[in-house]
Amino acid sequence: MNGRLFKREELAVDPLDLARLLLGAVIESSGPDGIVSARLVEVEAYRGGADPASHSYRGRTARNQVMWGPAGHLYVYFVYGMHFCANVVGAEDGVAGAVLLRAAEVVSGTELARARRKAARHDRELARGPARLTSALDIGPRDNGVDLLDPASRIRLLTGDEIPPESIRTGPRVGVAAAEDFPWRFWIEGSAAVSPYRRGGRARPGK
């Protein structure tokens, strides 16, 4: 990839600003079987104490500790008893905030991603949705807290092509009930990898 690693100060911003910044960025994972890189096309912002849908809404816990910074670390959590979701931590150190990685286009390591995601009928489905994204990139609980800005990290976050503001769309977040109408989901218009919208059910903390 031609991008560079993000600088920590670039990510230490409000999650709403971070969400826009991450569109077009590339997340890259390395392992003994190879490297998979994916271009982010859909994300969701979670603002911490100001956001009833955030895992950190009620304060710091052992589970959400990573969300409190520093920026540029990966927050990984288990959901529905079967899937992992990955978030990029943002905001100032000591202030909880993160951006959920909802969907991406695999741009290198496609064969390896296909081997991990045998159920995908098309390449656009390899990382279409947060659980599919972590599966394609082999992200799991061992990666919680990983520094995405360290060149030696297994998971890294690199800059990509800047997305024109007119190509960015916003809308309600997927599958949350608390603060369900906040337009804090951001996606690149026209990408086939963007996941379908699904309204949430009963209220409960989200990310």
Side-chain angles (χ1 to χ4, degrees), residues 1-28 38-57 59-60 64-77 85-105 127 130 133 139 144-150 153 155-176 178-191 193-195 197 205-207:
M1 304 301 301
N2 295 323
R4 60 166 175 82
L5 288 171
F6 276 96
K7 298 176 182 177
R8 205 166 309 278
E9 59 268 24
E10 293 176 306
L11 305 183
V13 295
D14 186 282
L16 296 179
D17 296 323
L18 178 58
R20 291 179 179 272
L21 179 67
L22 291 179
L23 289 176
V26 173
I27 186 164
E28 180 179 83
R39 174 179 177 259
L40 296 171
V41 298
E42 182 187 4
V43 297
E44 288 179 347
Y46 288 85
R47 246 183 178 169
D51 181 1
S54 174
H55 283 171
S56 56
Y57 180 62
R60 193 187 301 248
N64 67 31
Q65 175 68 28
V66 176
M67 290 186 73
W68 300 81
H73 287 254
L74 194 68
Y75 171 49
V76 179
Y77 65 88
C85 294
N87 304 253
V88 174
V89 174
E92 298 177 7
D93 195 11
V95 177
V99 173
L100 172 67
L101 308 183
R102 279 209 57 85
E105 299 166 347
L133 185 152
I139 294 174
N144 186 44
V146 158
D147 186 353
L148 297 167
L149 313 185
D150 183 348
S153 290
I155 314 290
R156 298 168 297 278
L157 182 66
L158 298 92
T159 59
D161 294 333
E162 185 175 353
I163 306 302
E166 60 269 22
S167 296
I168 297 176
R169 294 291 176 264
T170 66
R173 294 173 291 190
V174 176
V176 299
E180 69 273 19
D181 294 324
F182 287 16
W184 290 359
R185 179 169 66 101
F186 300 80
W187 67 92
I188 299 176
E189 184 180 34
S191 172
V194 173
S195 62
Y197 175 70
K207 292 77 180 171

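Note that the coordinates shown come from a computational prediction; the quantities given were computed from them, not determined experimentally. Side chains are part of it too, since the values below use all heavy atoms of this structure and drop only hydrogens, waters and symmetry mates.
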How far does [atom1] of [X] sit from [atom2] of [Y], to the nearest 0.5 angstrom?
X      : Y      : atom1 : atom2 : answer
Leu23  : Glu42  : CG    : CD    : 9.0 Å
Asp147 : Ile155 : CG    : CD1   : 12.0 Å
Leu157 : His73  : CG    : NE2   : 12.0 Å
Arg173 : Asp181 : CZ    : CG    : 10.0 Å

Partner set under side-chain contact (heavy atoms from CB on, under 4.5 Å) for [X], not counting sequence neighbours:
X      : value
Pro165 : none
Ala91  : Val95
Glu189 : Arg169
Asn144 : Val66, Tyr75, Val76

Any side-chain heavy atom of [X] within less than 4.5 Å of one from [Y]?
X      : Y      : result
Pro130 : Glu44  : no
Arg102 : Trp187 : no
Phe186 : Ile163 : no
Leu74  : Ile139 : yes
Leu11  : Val89  : no

Tell me the closest heavy-atom pair linking [X] and [Y], and the distance in Å.
X      : Y      : value
Glu105 : Ala193 : CG-CB, 3.8 Å
Gly24  : Ile188 : N-CD1, 3.9 Å
Asp93  : Gly69  : OD1-C, 3.5 Å
Leu22  : Leu40  : O-CB, 3.5 Å
Ala104 : Leu133 : CB-CD1, 3.9 Å
Ser195 : Arg185 : O-NH1, 4.0 Å

Exceeds 12 heavy-atom contacts within 6.0 angstrom, atom [atom1] of [X]:
X      : atom1 : value
Glu162 : CD    : no
Gln65  : CD    : yes
Asp150 : CG    : yes

(message) Between Ser153 and Leu148 (side chain of the first, backbone of the second, donor and acceptor by atom type, cut-off under 3.5 Å), is there such a pair?
(response)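 No; zero donor-acceptor contacts below 3.5 Å.
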
(request) For Thr159 and Arg4, indicate whether the former's side chain and the latter's backbone hold a donor-acceptor pair under 3.5 Å. (result)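 Indeed, once roles are kept as given, a pair shorter than 3.5 Å links the two residues.
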
(message) By the side chain to side chain donor-acceptor pair (under 3.5 Å) test, which pairs, at least two apart or in different chains, include something from residues 13-22?
(response)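 Listed once each, the pairs are Asp14-Arg47.
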
(request) With sequence neighbours excluded, tell me which residues meet ring-ring contact (aromatic ring centres under 6.0 Å, His included) with Trp184. (result)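 For Trp184, the residues satisfying ring-ring contact (aromatic ring centres under 6.0 Å, His included) (neighbours in sequence not counted) are Phe182.
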
(request) Take Phe6 and Leu21, measure what side chain to side chain contact (heavy atoms under 4.5 Å, CB included) needs, and give me the verdict at the end. (result) CA-CA 11 Å; Phe6 276 96; Leu21 179 67; 4.0 Å; yes

